[in-house]
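The structure appears right after this line, and notes come after that.
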Amino acid sequence: MELFRLHAYSVVPQRTAEEQIPVVGGAIRVNADLRSIMESNLQAADFPRQPTVDFNVDETTRTNEVRDLVMAFAFGDGSPARAAALRLAERLAGAMDLRSSACLFVPVAYRAGTKRRVVLWIFPRDEAFQLHTGGPEGPTIELLKDIFSQTSRHRKSALFEGRELRTDFLQGWVLDLQAKSVNVNLDVASFWITRFLDCVPSMHDEVGSRLLAKAVRKAFERTDVPEQRQQLHAAAMAVRHSPNRRITLSTFANRYLDPDIRPMFLSGLPNDETRHALFTFDRQTFDSVLQFRVFELESGVFVSSPLDQIGESVKVHTGATTELTCQGIVRNEFLRARHG
């Protein structure tokens, strides 16, 4: 893709600063050397191997400020693109507190036909020595302060691409080595993905759907309260038929479960990160894990029913005891050594 637009801004952390310092910068003329440098940085980022994130888009309006600004920078001409880049720089300053160092913010846009790619970079400020030789007083060393590191582990980047469509520029890739470190303050590390980009980690659809089914099953097994089991069953059926297929496990809990059973469901998840990871619900995967509801009666009889038949041909009545009735035409029957 062709690099056709590059801006650069000096950004000072403003989130907890008493005195506001405006960002400084603007559009940069792209020459051959700068084009080569940015291509080297792009290759070094190795985005295909980096984690993916999703913009935290409002479900009703399908809007997200950063996504809108990124698309304006990619597709806008003149003033709209400049305004979007400046607003991104200002938002970055507001997302960083004094525990982060000043940085160079560089948004870059590429194009190929109707497709656009935007890469957002931050390079932290650094200091370096420069040796001068051959002077009248012999070799001297100069301390350079206003430089920015391309190789620092605190550098960060994000890549988003697509066409000017409602369905594009929803997911991207992030380079954030600091967030991966176990020895860093989580609030400091999360500013890039959470506060600035307003993104959440994404998850493969099959993985998320399988985790959801397993967490529902675990919660079901942990409770013997009929009403809670009925609610878990109802939640499973609701998510299977919901038109809103983009979901997180935390959203599922808040949307479909009452507060008394929500912690039981969430405790069945591997970690906090998986709670907020977006995925597209895959019904086939979900059903492969949670396809049947099995009842054991006092008589030793086991009744296995597809989830969508509960309340239809299989009726569950709760009261002092839980009773089950089943009615239907027998299509086949078996003799087996074990039930199921």
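Here, residue 1 is the first one in the sequence, and each next residue gets the next number. Please read all numbers here as calculations on a predicted model, not as lab measurements.
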Using a 4.5 Å cut-off on heavy atoms from C-beta on, say whether the side chain of [Y] contacts that of [X].
{"X": "Arg255", "Y": "Asn244", "value": "yes"}
{"X": "Gln231", "Y": "Glu227", "value": "no"}
{"X": "Leu6", "Y": "Val106", "value": "yes"}
{"X": "Lys115", "Y": "Met1", "value": "yes"}
{"X": "Ile247", "Y": "Leu278", "value": "no"}
{"X": "His241", "Y": "Arg283", "value": "yes"}
{"X": "Met38", "Y": "Leu3", "value": "yes"}

If you measure only the distance, is there a donor-acceptor pair under 3.5 Å linking the side chains of Arg163 and Thr114?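 Distance-only check passes for Arg163 and Thr114.
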
Where do [X] and [Y] come nearest, in terms of heavy atoms and distance?
{"X": "Leu232", "Y": "Ala219", "result": "CD1-C, 3.7 Å"}
{"X": "Leu69", "Y": "Arg87", "result": "CD1-CG, 3.4 Å"}
{"X": "Ala74", "Y": "Phe169", "result": "CB-CZ, 4.4 Å"}
{"X": "Gly26", "Y": "Tyr9", "result": "N-CE2, 3.6 Å"}
{"X": "Ala93", "Y": "Val23", "result": "CB-CG1, 4.2 Å"}
{"X": "His204", "Y": "Phe279", "result": "O-CB, 4.1 Å"}

Between the side chain of [X] and the main-chain N/O of [Y], is any donor-acceptor distance below 3.5 Å?
{"X": "Arg117", "Y": "Leu159", "value": "no"}
{"X": "Ser288", "Y": "Thr285", "value": "yes"}
{"X": "Arg5", "Y": "Val108", "value": "no"}
{"X": "Arg275", "Y": "Leu249", "value": "no"}
{"X": "Trp192", "Y": "Ser157", "value": "yes"}
{"X": "Asp282", "Y": "Asp205", "value": "no"}
{"X": "Arg91", "Y": "Arg195", "value": "yes"}
{"X": "Ser267", "Y": "Pro263", "value": "yes"}
{"X": "Ser36", "Y": "Ala32", "value": "no"}
{"X": "Asp258", "Y": "Ile261", "value": "no"}

To the nearest 0.5 angstrom, please state how far the OG1 atom of Thr223 sits from the CZ atom of Arg229.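 If we round to the nearest 0.5 Å, Thr223:OG1 and Arg229:CZ are 6.5 Å apart.
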
What's the verdict on side-chain contact (heavy atoms from CB on, under 4.5 Å) for Asp68 and Thr63, showing C-alpha distance, side-chain angles and the deciding distance? CA-CA 7 Å; Asp68 294 344; Thr63 58; 4.1 Å; yes

With a sphere of 6.0 Å drawn around CG of Asp224, does it hold more than 12 non-hydrogen atoms of other residues, nucleotides or ligands?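 Atom CG in Asp224 is not packed in, count stays at 12 or less.
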
Heavy-atom count check: over 12 atoms from other residues, nucleotides or ligands less than 6.0 Å from Gln284 CD?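 Counting other residues, nucleotides and ligands, CD of Gln284 stays at 12 neighbours or fewer.
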
Going by the rule salt bridge (charged side-chain N to carboxylate O under 4.0 Å, His left out), which residues pair with Arg210 if we only count those two or more places apart in sequence or in a different chain?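 Once residues adjacent in sequence are excluded, Arg210 has no partner under the salt bridge (charged side-chain N to carboxylate O under 4.0 Å, His left out) criterion.
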
Over 60° means perpendicular and under 30° means parallel, so tell me whether Tyr256 and Phe252 are parallel, tilted or perpendicular.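 It falls in the tilted class, 30° to 60°.
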
Looking at [X] versus [Y], is the centre-to-centre ring distance below 6.0 Å?
{"X": "Phe281", "Y": "Phe286", "result": "yes"}
{"X": "Phe55", "Y": "Phe160", "result": "yes"}
{"X": "Phe220", "Y": "His233", "result": "no"}

Could you check Leu88 against Val66 for side-chain contact (heavy atoms from CB on, under 4.5 Å), going step by step and ending with a plain yes or no? CA-CA 7 Å; Leu88 284 169; Val66 179; 4.1 Å; yes

Assess whether a salt bridge exists between [X] and [Y], defined as any Lys/Arg side-chain N lying under 4.0 Å from an Asp/Glu carboxylate O.
{"X": "Asp54", "Y": "Arg246", "value": "yes"}
{"X": "Glu164", "Y": "Arg116", "value": "no"}
{"X": "Asp287", "Y": "Arg240", "value": "yes"}
{"X": "Asp176", "Y": "Lys156", "value": "yes"}

Could you go through Glu39 and Gln43, starting from their C-alpha distance and side-chain angles, then the distance that decides it, and tell me whether this counts as side chain to side chain donor-acceptor pair (under 3.5 Å)? CA-CA 6 Å; Glu39 180 62 27; Gln43 294 297 323; 2.8 Å; yes

List the steps, then state whether side-chain contact (heavy atoms from CB on, under 4.5 Å) holds for Val30 with Phe4. CA-CA 8 Å; Val30 181; Phe4 73 97; over 6 Å; no

